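Below you'll find the structure, written out as structure tokens, and then a few comments.
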Amino acid sequence: MSGFRRPSWWALLLTVAGALLFVRLGFWQLHRADFKEALLRRYAAAATAPVQDFPPASGSSTPAADRFARVRVRGRYLADRIYLLDNPKHDGLGGVEVFVPLALHGDSHLLLVDLGFLPGNGNGKTPQLPPLPAGEVTLQGLYVPPPPTGFEMGGNALAQQAGWPKTTIFLDTSEVARDLGQPLYPHLLALDADPASIYVRVHTLDFSSMPPARHRAYAFQWFTFALAAVVILLVVHRKRKPRKSDSTRVDDVR
């Protein structure tokens, strides 16, 4: 490479370290994209998967966190302990996603049930909740992760409310468990769609803030940074040809 000056050791080290870091970040973004696409495929396949009893009769273990099993469960609603998620994105009128804990026979853990989305009437008021069955019920749906949470201004909104139903903009299952005074299963039951129900049950994995395509875009960006680091090193250490005026001035001196 006669056209380039030998770079200093620190410039070479900094470039190599930066390029390797950018490449690593790029591959991490690609892996995240593949992971989310696999989750979406498993979630779609769960709609036609065979139904299994919950919890499994073989023991207290629950389905794997990334399997989205279709389950059937029997229990009793804690109808006086309703939670309303006040930020779903189903339509322009607003509304609430309704969650109710289900007590399973002989089980100390409660299972949080997502009844579905209840549309509002556009006036900002909480929709009228239909009554729940008082006795034991048999439910069927997908065992899915809870909705994503974020930073809630003012702390735990559930602890600040004395009566039910309680409203929150983020449903944190650990806060719900503390509020109920009983442990919860880590995931919840998203009920199957029912034409006879007034609830809207369109359950999807919420990757709207960071879909697989955006991960791939970020991966391309990191790989571009790695290439740019190498190009910058080469440009900075490229030998400059003497300008013609400089050569003429040297000849004049001679």
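Keep in mind that the numbers below use all heavy atoms, side chains included, and drop hydrogens, waters and symmetry copies. Keep in mind it's a predicted model, so treat the numbers as computed, not measured.
L139 has its side chain out of reach of R72: every pair of non-hydrogen atoms, C-beta onward, lies at least 4.5 Å apart. L118 is not listed as a side-chain neighbour of V200, based on a closest heavy-atom distance of 4.5 Å or more. In this structure, the side chains of V73 and D53 stay at 4.5 Å or more apart for every pair of heavy atoms. Using a 4.5 Å heavy-atom cutoff, the side chains of V100 and L115 are in contact. Using a 4.5 Å heavy-atom cutoff, the side chains of D194 and L191 are not in contact. Looking only at side-chain heavy atoms (C-beta outward), L110 and P183 stay at 4.5 Å or farther from each other.
Heavy-atom contacts from other residues, nucleotides or ligands closer than 6.0 Å to OH of Y199 number more than 12.
Side-chain N or O atoms of R201 include one that pairs as donor or acceptor with a backbone N or O of D192 at under 3.5 Å. Between the side chain of Q52 and the backbone N or O of A69 there is no donor-acceptor pair closer than 3.5 Å. Side-chain atoms of Q140 never come within 3.5 Å of backbone atoms of R70 as a donor-acceptor pair (strictly under, hydrogens ignored).
Aromatic pair F99/Y83: centroids not less than 6.0 angstrom apart.
When hydrophobic clusters are built by joining Ile, Leu, Val, Met, Phe, Trp and Tyr residues whose side-chain heavy atoms come closer than 4.5 Å, directly or via intermediates, L234 is not grouped with F225.
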### Query
Can F223 and F22 be said to form a ring pair (Phe, Tyr, Trp, His ring centres under 6.0 Å), step by step?
CA-CA 6 Å; F223 292 143; F22 295 147; over 10 Å; no
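Remark: K166 engages D179 in a salt bridge, criterion side-chain N to carboxylate O under 4.0 Å.
When all heavy atoms are compared, the tightest approach of P146 to L188 is CA-CD2, 3.6 Å.
Within the model, atoms CG of L180 and CZ of R178 stand 11.5 Å from one another, a figure rounded to the nearest 0.5 Å. With values rounded to the nearest 0.5 angstrom, E136 atom CD is found 4.0 Å from R74 atom CZ.
Each of K36, R32, H31 was compared with H215 under the side-chain hydrogen bond (donor to acceptor under 3.5 Å, both in side chains) criterion, and only K36 meets it.
Between F54 and Y185, the ring planes lie perpendicular to each other; the angle is over 60°, past the 30° to 60° tilted range.
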